[in-house]
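This report refers to the structure that appears directly beneath it.
Chain letters run A, B, ... following the sequence lines, proteins first, then strands; residues in each count from 1. Worth saying up front: this structure is predicted, and the values here are computed from it rather than measured.
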Amino acid sequence: MKQMKKLVLNCSEMTISDAPEPVEVLIPLMGLDDKRDKDKLKLKLKDGTFLKTGQPIVPGVFSTVTGTVKGLDSLLLGSEAIAAVRVEVSGEEEVDSGIKKEPAYLEKTRIDLLERLNRANLGFRDDLETVKTVIVSAVDTDPLHAVCHQVLREKKEVVIEGLKLVKYLVSAEQVILAVPEPLYGPLSEAAGDTAAVFKVNPVYPDVLPEMLLDSLSTVYDVENHLFLGVEKLVAAVDALRHGKPFVHKVVSVIDENGTRNLRVRLGTPVRELLKDTYIKDGDKVIVGGGFRGTACFNLDRPVTDDMDSIYVQHSDKGEVSHDRNKPCINCGKCVKVCPVNLDVNLICRYSEFSIFEKCHEMGVTACIECGLCAYYCPSGRSLVQFIRLAKREEPAGEEEVPVEALENGEEES
Amino acid sequence: MRLVVSSSPHWHVKLTESKIHLDFILALIPAVIFAVFTYGVHAARIIALAISATVISEMLIRKLFKKEFTVTNGSAFLVGLLFALLLPPGVPFWVVITGSFLCIFIGKELFGGLGNNPLNPVLVGLSIIRISWPHYFDMNMAAVNYDLGFNFHFPLTMLKKGGTEAISGFNLWDLLLGRQVGGIGAAAILLLIIGGIYLLLRKRVPWETPVSFAAGVLIMGAIFWAGNPATYANPLFHLFTGNVMIGIFFLSTDYSSSPFRRWGMVAFGLGCGFLTVIFRAWSIYPDAVIYAILIMNLFTPLLDRLKNKPKFIDIFYVEKRQR
C-alpha cells in the first residue's frame, strides 16, 4: 500500500465479496466490565450453551452465529477492557431474530417498528422526539476505507427506502444524505423528495463526521440531529423487511495483496480475514483506518460494527512509521493543516512540559484528533499524543470530572 | 508473533528536517556557482571554510554539552552556506571561522539547538562580525582587488553618499543579473529568485513572508522616493541591491525565528521590508537588511499570538456507534 500524498478517498468501484464463514467468533459484551461482571456471566453462559443467530446473550448484545459457547474472554476496545464470549460455530444456521418478515412494514405504527429495531439491536436514540434533522452519512472516514460508497452504489434502492423509513420513524423536518462527490449525480436524482443530498468533497479530513457536521451547519440547521451510517440504515431495512438480524458488516482489508472489500460476520477474529497475508514480527495491524484507527495487540480482535477497515503495515517495506520526537522546528505545517485552526506547535510544547492550563486556554479541547499534524510533522513528533494528554488533564481550579466522563472522553473508532 | 502497537495516526509523510534543509541547499546551488564563477577560488575558499567551520563547531559543541548528535540534519551546513554567501570577497580566513563559530554557538546551540533559536543564527554571527570588524564589510574596499568588467562600486554606498545622481550608472537589468558588488552569493539576484521559486513550489517556505517582505520594501521605497526623488532611489533599486533578495527568500523564512500564522507572517514581512528601507535611508549603514530581520525576529513571539481563534466545532451529538 503506497503512502497517500493527497489524501483523496478512493471512490471507484470496489466489489464486495463474501468472506468465508468463521470457525469461531468472539462477541464483545458491550457495557459489561471484564472483571466485575465475569462471575455473573459464568453462571449464565456455561460452556456448551447453544446460541442461535440473533438470539440475545445479554441485553443489547446478540449472537451473530449459530453455535455453542466455548468460554469467556476479555477484550481491549479502545481504552476499556470488556468481557467477551467465545462462540464456536456449529452446523446449520438457525436464525432467531425475533422479528417477523414484513414486506409492507411501513403500514405498521412507529412505536411497533422502533420496538422491532430495538430487538434487532439497531435501535436509535431514545429522545427521537427532539430530533429535527437526520443525517445519513455515506462518506467513508479514512482514505483507506471503501465501504460506505460501495454499499451505497450496490444498494441504492435500499438506501432510498431506508431514508423513507427514517423519515417515517423520526418525523424529522429534514433528512440529509451525505455522499461523496463522484456519487452525487445519480443519487440526487434517485433521492428525489425523500431527502436532501449533500455533496462532500472526498478529501481527508473533510470526510470526518465532525467536519461533515461543520460543513452541513453552513447550509442546514443541524441542532438536535441524528447521525446514521448508511450501513446501519441498510441493516434496518433488511431487518424489518426480511427479518434478518444485523450480523454482517462490510470491511475493507488492505495488505500486501491490495485492497479488497469483504462482507464479514460480526465477531470474526481479524486472524481469519488475514489468512492469506504474511504477517511477521514488527508488523502493524490497524483497525479503523490509518489516521484514527487503533493498532491491534493480537489477531484475536473481532470485527465490530464500528470498524471499517483492517490495514496491515509491513515492516520490511518501511510502512510502519515510528515517531522520532525531535524538537519542534516551528515550520508551521501542523498549523496550516489543522482543520480546527489550533496552534498545534505551541499546544504540544506546553503539553510536553506539563503546562496544561495554557493548552486549555488555547482551546485544545476543540481538537478532533484527525492526526494530520503528526502526519506532516517533519520532526516526527507525537503531536496527537501530546494533545490527548493535554485534553485529559483538566486545568487547575476547575471542578473534578467524574471518572466515567474521562473514560468515555475518547472517541476511538 | 509480536505486532507493533502505537497510537494513531499510523502514517507519516516521511518528511524530515534533513530533507527540508537539503531543499534549501539545492535552492542555493545556483548562487554558489555564480559566486565561484565571479570571484573564483576566493569565493570557493570562503564557502568551504564557512561550511566546515559551522559543521565542526556544531559537532564539537554537541560533544562538549553532551547532547544528541544532530549535525546530520543539515542545519549547520545550511547556516555555513548562507553565512558564506553573505560575506564580501577577500575576507580573511579567521573572520570567516570566527563568524561561523558564533553563528552556531551564540545563534543556535546556546538556545538549545535547531528549532529553539529565537534569532536567525546566520544573522547573529554576521552582525557580530560586522560590528567588530567593520572595515572588512566595506564593500567598496573588499572589491578593490577585482576587475570583472562591471561597475565596481557598491551601489548602496553610492546612494548613501551621492543620492540618485550617483547611482545613475547602474541599470536595473545589470543589478538583476548580479553584475554588482556585494556578498559573494547575495549579489546573484536572479539566481536567488530562481532558488526562492523552487522553495515556494516545494512548499518549503510559505509564500506570505517573501511576498510581504518584497511588498514592504517596495511600499516604503516608494514613499521615500515620492518624497524626495533626488536623495532616495526608486523602489526596484532597493529590491535588487544588497542583501534584500537573499533576505526575502532565505533569511526571513528561517522557521524557528519567524511566525507561523498567515497574518503574523505578513506583519513580519512588511516589518522587515519597512525597516530595510528606513535603515538604508536614515542609518549609518548603507545596507542593514540583517538588522531589519533580526529586529523583526524579536517580534516573532508577539506576532505568533495574532489571530488564533480555534474553530470550535460543536459536536452536538455524534453517536458513538454510528453504524
On a heavy-atom basis, which atom in [X] and which in [Y] lie closest, and how many Å separate them?
X      : Y      : answer
A/Q385 : B/S7   : NE2-CB, 3.6 Å
B/F260 : A/V335 : CD1-CG2, 3.4 Å
A/P327 : B/L114 : CB-O, 4.1 Å
A/H322 : B/V4   : CE1-CG1, 4.4 Å

Heavy atoms from other residues, nucleotides or ligands near [atom1] of [X] exceed 12 (cutoff 6.0 Å):
X      : atom1 : value
B/R62  : CZ    : yes
B/F299 : CZ    : no
A/K358 : NZ    : no
B/K67  : NZ    : yes
A/Y278 : OH    : no

Can you find a heavy atom in the side chain of [X] that is under 4.5 Å from one in the side chain of [Y]?
X      : Y      : value
B/H12  : A/D323 : no
B/S6   : A/K284 : yes
B/K19  : A/P378 : no
B/L3   : A/Q313 : no
A/Y376 : B/L15  : no
A/K326 : B/E68  : yes

Less than 4.5 Å to any heavy atom of chain A: does that hold for the side chain of [X], its backbone, both, or neither?
X      : answer
B/I20  : side chain
B/S18  : neither
B/P206 : both

Checklist entry - Could you state the interatomic distance from CG (A/N330) to OG (B/S258), rounded to the nearest 0.5 Å? => result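 Separation between the atoms: 7.0 Å.
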Is the closest side-chain donor-acceptor distance between [X] and [Y] under 3.5 Å?
X      : Y      : result
B/R2   : A/N298 : no
A/R324 : B/T16  : no
A/S321 : B/K14  : no
B/W11  : A/Y311 : yes

Tell me, for [X] versus chain B, whether the close heavy atoms (under 4.5 Å) come from the side chain, the backbone, both or neither.
X      : result
A/C328 : backbone
A/I279 : both
A/L342 : both

Next on the checklist: At a heavy-atom distance under 4.5 Å, which candidate from A/I135, A/V320, A/N345 has the highest pair count against chain B?
Outcome noted: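 Of the options given, most contacts go to A/N345.
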Next on the checklist: Quick check for you: among A/G380, A/C377, A/G332, which has the greatest number of heavy-atom pairs under 4.5 Å with chain B?
Outcome noted: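 Between A/G380, A/C377, A/G332, the count favours A/C377.
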Checklist entry - Most heavy-atom pairs under 4.5 angstrom with chain A, which of B/P9, B/G115, B/S256? => result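 That would be B/P9.
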Checklist entry - Under a 4.0 Å N-O cut-off, is there an ion pair linking B/R305 with A/D343? => result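 No, this pair does not count.
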